[in-house]
Novice: 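Quick one: the structure is below, questions incoming.
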2 protein chains.
Amino acid sequence: MHAVPSFPSRRSAPARSGGLSRASIVDVAARAGVSVATVSRALRDMPNVSPATRDRVLAAAEELDYTVSPLASGLVTGRINAIGVVLPYAGRWFFAEALRGIEEVLRGQGYDLILHVLADDDRRAQFFQTLPLRRRVDGVIIVALPLDSREIGALRSLGVPLTGVAEPLTGVHGERVDNVGAARLAVQHLINLGHRRIGCIGGDLNGPERFSVPGWRTQGYREALTLAGIEPRSGWERDGRFTADGGELAMTALLSQPGGAPTAVFCQSDEMAFGALRALRHSGLRCPDDVSIVGLDDHELAHTFDLTTVAQPVAAQGAAAARWLLHQLAGASTEGPEPVGADVNFHEVRLVLRRTTGRPPA
Amino acid sequence: MHAVPSFPSRRSAPARSGGLSRASIVDVAARAGVSVATVSRALRDMPNVSPATRDRVLAAAEELDYTVSPLASGLVTGRINAIGVVLPYAGRWFFAEALRGIEEVLRGQGYDLILHVLADDDRRAQFFQTLPLRRRVDGVIIVALPLDSREIGALRSLGVPLTGVAEPLTGVHGERVDNVGAARLAVQHLINLGHRRIGCIGGDLNGPERFSVPGWRTQGYREALTLAGIEPRSGWERDGRFTADGGELAMTALLSQPGGAPTAVFCQSDEMAFGALRALRHSGLRCPDDVSIVGLDDHELAHTFDLTTVAQPVAAQGAAAARWLLHQLAGASTEGPEPVGADVNFHEVRLVLRRTTGRPPA
DNA sequence: GTTCGCCCTGCAAGCGCTTGTCAGCACCCC
DNA sequence: GGGGTGCTGACAAGCGCTTGCAGGGCGAAC
């Protein structure tokens, strides 16, 4: 009848500091005077329970402060109501922002968000070897992490739907922006202002992470230049490692470029643009009077530092990925097992004019 | 014998897209030619299994690509190997950074991190009403969230250890910095430079969130002033809402203060300092020539914007909280149920000199 | 008045794992 | 050589829940 006598044999039972909220479904059943099966049905609003019974059960559950154990119900239903989110970094704006969008959607649908940060190679290797997400999640969202086919295969072996944000994953649904177009938009803006000497600070195209984003953005940069009849100069493309410090270094290098410095620079991320701004300041150069800077992201502090940039909706990309996943999950139970496929959803970008771009110096 | 025949009655079984990694412990037992009990013991390195048997079991598990179901094992052990993390915001630097520290420690010990963001009042109320963490975590970390006693009580009713980061929680272990001392350190620095007219941009002491941090930092500000024989002026204490935009507004107000503007301002967070810097720039004032600014945090971009600030170790506070929790969990199984108690661990802060502070104008 | 059918509810199996208890067995010492 | 001693491993009872199946009760239709 009572909860405690129901497991008298547990000696080294887990710490139950409070000893509270330990009512089980049998307690509720007893209190409501029905069977556990009926309690289970009543609690989940299943059709074959009379209103009167349902009320009694609900009241009993309320009085006992009862909640269904997700473990027990997950064990039998096979669903665990959690989504895994995998990121390469935490603490950086982009990832925190994407996470925010994901969390909001998941929470709204009662799903838990289980976070995995693959901060370094060790963590990453270990993650794909041990697959700690296995049997723990109903779906996985990969944020800005390029995966090789072996890694994608490992994730697939989890047998749950997958989706990617920002970085394309072969054969996997994705939410991202048109990076080529976004870069072109930024560079086109500089060209429109009259600039012809335009540099670019991006990421290492051949780095160990194999991010594809810098490749596209560089492509967009070159396309915009070519379209305007400007010959791209390889010396004006610099690696800023997508960090502020990297951006600063790259900008400094650009400024001491033999043959003259550019009058405007497209930074493939706002954080690199912030670094570039610092380099300018420390060189005694003014922005935009001497050099114009345009970023890409619309970082939360871009406005604060008056950075002109191409805004991308980061939280929205995360949210869309989460929604897609939930949709798959909902569909899986009713329809056939094979989901939509590896389509991509592109999100809009837009130019945000602020004060770091202007006409080139005379 | 085989897994599939063992649940022939499941019609609407959960979507098993891959059909992979579905071996259960009985399959492993069969393959190794032992009982499931032995498999369970062998897999967890329990003492009463002979090396030969253990090897056979391990090999079988390996061949079958078997992993223990956390659901099933959690159901019987009562431990679920997950920690809940509750934050008021995601996407902001402080929280992302704290999360990073927490995640690292948790992951290292094989714990899952389940994230909850209480972005608005609705979410918050709902969180404490439904307590979605219930039965889902072995412990909870509250990051920078002031809780009233009712809310703390609700959390306690989970029956798992609790700890707080940054904000003090009555009766709960905490990891934080000495906010009074940190503020004093910042203001003392301004005083040492010769400033006597020092403003302060902080948070609303009576806001709905009831953060206690701004209260302490304001206290530290006043103490430092008083110690130097300077009378605090209430008109020079402004609310910057702990955002860059708020900081900008507050700084603008400070600059048009009747009776003259301060020559230096202590901003209780770096993000507000960034806003203050913007206000200065837009007013045509130079920093530090006209006005000095000191922040508090050492935000990842503080260096990029040459902000002098008092650094606090954010990730380390999160990591320490996670470690404390894990320690409680480890202790709980061996020792008595009552943990250490509501002690507080203070982390060191330090002044980081950069370029936004200097001697007052002549 | 009987029969049929429907609605509600209970029974019990089982999800995949842990663990107390106990049987079996080899080995050792006296 | 017999009884102990110590291990190893099997058995089975759950953990808390969901769900197929069956049964009971009652109104409607014949």
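Each chain gets a letter, A, B and so on, in the order the sequences are listed, and its residues count up from 1. Keep in mind that what you see is a predicted model, and the values were worked out from it rather than measured. Computation of the quantities below employed the complete heavy-atom set of this structure, encompassing side-chain atoms and omitting hydrogens, waters and symmetry-equivalent molecules.
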Novice: Please check if the side chain of Asp55(A) supplies one atom and the backbone of Ala52(A) the other of a donor-acceptor pair under 3.5 Å.
Specialist: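 No, because the side chain of Asp55(A) does not come within donor-acceptor range (under 3.5 Å) of the backbone of Ala52(A).
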
Novice: Can you name the closest pair of heavy atoms from Leu162(A) and Trp324(A) and give their distance?
Specialist: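 Between these two residues, the closest heavy atoms are O-CZ3, 3.2 Å.
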
Novice: Quickly work out the Ile80(B) CD1 to dC17(C) C1' distance and round it to whole Å.
Specialist: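 After rounding, the gap between these two atoms is 14 Å.
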
Novice: Should Ser157(A) and Leu131(A) count as side-chain neighbours, where that means a heavy-atom distance under 4.5 Å?
Specialist: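 Ser157(A) reaches Leu131(A) side chain to side chain.
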
Novice: How would you list, by chain and number, every residue that makes a side chain to side chain donor-acceptor pair (under 3.5 Å) with Ser50(B), sequence neighbours excluded?
Specialist: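 Side chain to side chain donor-acceptor pair (under 3.5 Å) check on Ser50(B) returns Thr53(B).
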
Novice: So which atom in Ala96(A) and which in Ala96(B) form the shortest heavy-atom distance, rounded to 0.1 Å?
Specialist: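 Scanning both residues completely, I find the closest heavy atoms to be CB-CB, 3.7 Å.
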
Novice: Listing request: all side-chain hydrogen bond (donor to acceptor under 3.5 Å, both in side chains) pairs with a residue in residues 139-151 of chain B, at least two apart in sequence or in separate chains.
Specialist: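 Of all non-adjacent pairs touching residues 139-151 of chain B, those that pass side-chain hydrogen bond (donor to acceptor under 3.5 Å, both in side chains) are Arg124(B)-Glu151(B).
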
Novice: Please state whether the phosphate of dT18(D), meaning OP1 or OP2, lies under 4.0 angstrom from any side-chain nitrogen or oxygen of Arg79(A).
Specialist: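 So the side chain of Arg79(A) is outside the cut-off, no N or O lying under 4.0 Å from OP1 or OP2 of dT18(D).
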
Novice: If you count every heavy atom of other residues, nucleotides or ligands that lies below 6.0 Å from Asp121(A) atom CG, does the total exceed 12?
Specialist: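 No, CG of Asp121(A) has 12 or fewer neighbouring heavy atoms, counting only those of other groups under 6.0 Å.
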
Novice: Please determine which of Val137(B), Thr163(B), Leu329(B) meets the side chain to side chain contact (heavy atoms under 4.5 Å, CB included) test together with Ile83(B).
Specialist: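 Among the candidates, only Leu329(B) passes.
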
Novice: Return the value, rounded to whole Å, for the distance between atom CZ of Arg134(A) and atom P of dG16(C).
Specialist: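 Nearest whole value for this atom pair: 15 Å.
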
Novice: Evaluate the side-chain proximity of Val105(B) to Leu326(B): yes if any heavy-atom separation is below 4.5 Å, no if none is.
Specialist: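 Leu326(B) vs Val105(B): side chains touch.
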
Novice: Under 4.0 Å between any heavy atoms, over every strand shown, what does Val68(B) touch: base, sugar-phosphate, or nothing? Just pick one.
Specialist: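 Since only primed, P, OP1 and OP2 atoms lie under 4.0 Å of Val68(B), the category is sugar-phosphate.
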
Novice: Please list, for nucleotides 6-12 of chain D, all pairs of protein and nucleotide N/O atoms separated by less than 3.5 Å.
Specialist:
residue, atom, partner, partner atom, Å
dG9(D), OP1, Ser50(B), OG, 3.3
dG9(D), OP1, Thr53(B), OG1, 2.2
dG9(D), OP2, Ser50(B), N, 3.0
dG9(D), OP2, Ser50(B), OG, 3.4
dG9(D), OP2, Thr53(B), OG1, 3.1
dA10(D), OP2, Ser35(B), N, 2.6
dA10(D), OP2, Ser35(B), OG, 2.7
dA10(D), OP2, Thr38(B), OG1, 2.8
dA10(D), N6, Arg41(B), NH1, 3.3
dA10(D), N6, Arg41(B), NH2, 3.4

Novice: The criterion is side chain to side chain contact (heavy atoms under 4.5 Å, CB included); which residues satisfy it with Ala125(B), sequence neighbours excluded?
Specialist: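 If we apply the side chain to side chain contact (heavy atoms under 4.5 Å, CB included) test to Ala125(B), skipping adjacent residues, there are no hits.
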
Novice: Is the shortest heavy-atom distance from the side chain of Arg134(B) to the side chain of Asp65(A) under 4.5 Å?
Specialist: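 They are in contact (side-chain heavy atoms under 4.5 Å apart), so the answer is yes.
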
Novice: Would you kindly give the CD1-to-P distance between Ile25(B) and dT19(C), to the nearest whole Å?
Specialist: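 That distance rounds to 11 Å.
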
Novice: Atom pairs, N/O to N/O, protein against nucleotides 23-28 of chain D, distance under 3.5 Å?
Specialist:
none

Novice: Using C1' atoms of five pairs at each end, report the bend of the helix from dG1(C)-dC30(D) to dC30(C)-dG1(D) rounded to 10 degrees.
Specialist: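 It works out to 50° between the end axes.
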
Novice: For Leu75(B) and dA13(D), what is the distance between atoms CG and P respectively, to the nearest whole Å?
Specialist: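 Checked: the CG to P distance equals 17 Å.
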
Novice: Looking at dC17(D), dT18(D), dC17(C), which one has an atom nearest to any side-chain atom of Arg44(A)?
Specialist: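 It is dT18(D).
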
Novice: Categorize Ser40(A) for me: base, sugar-phosphate, or nothing, with a 4.0 angstrom heavy-atom threshold over every strand shown.
Specialist: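 Touches a base.
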
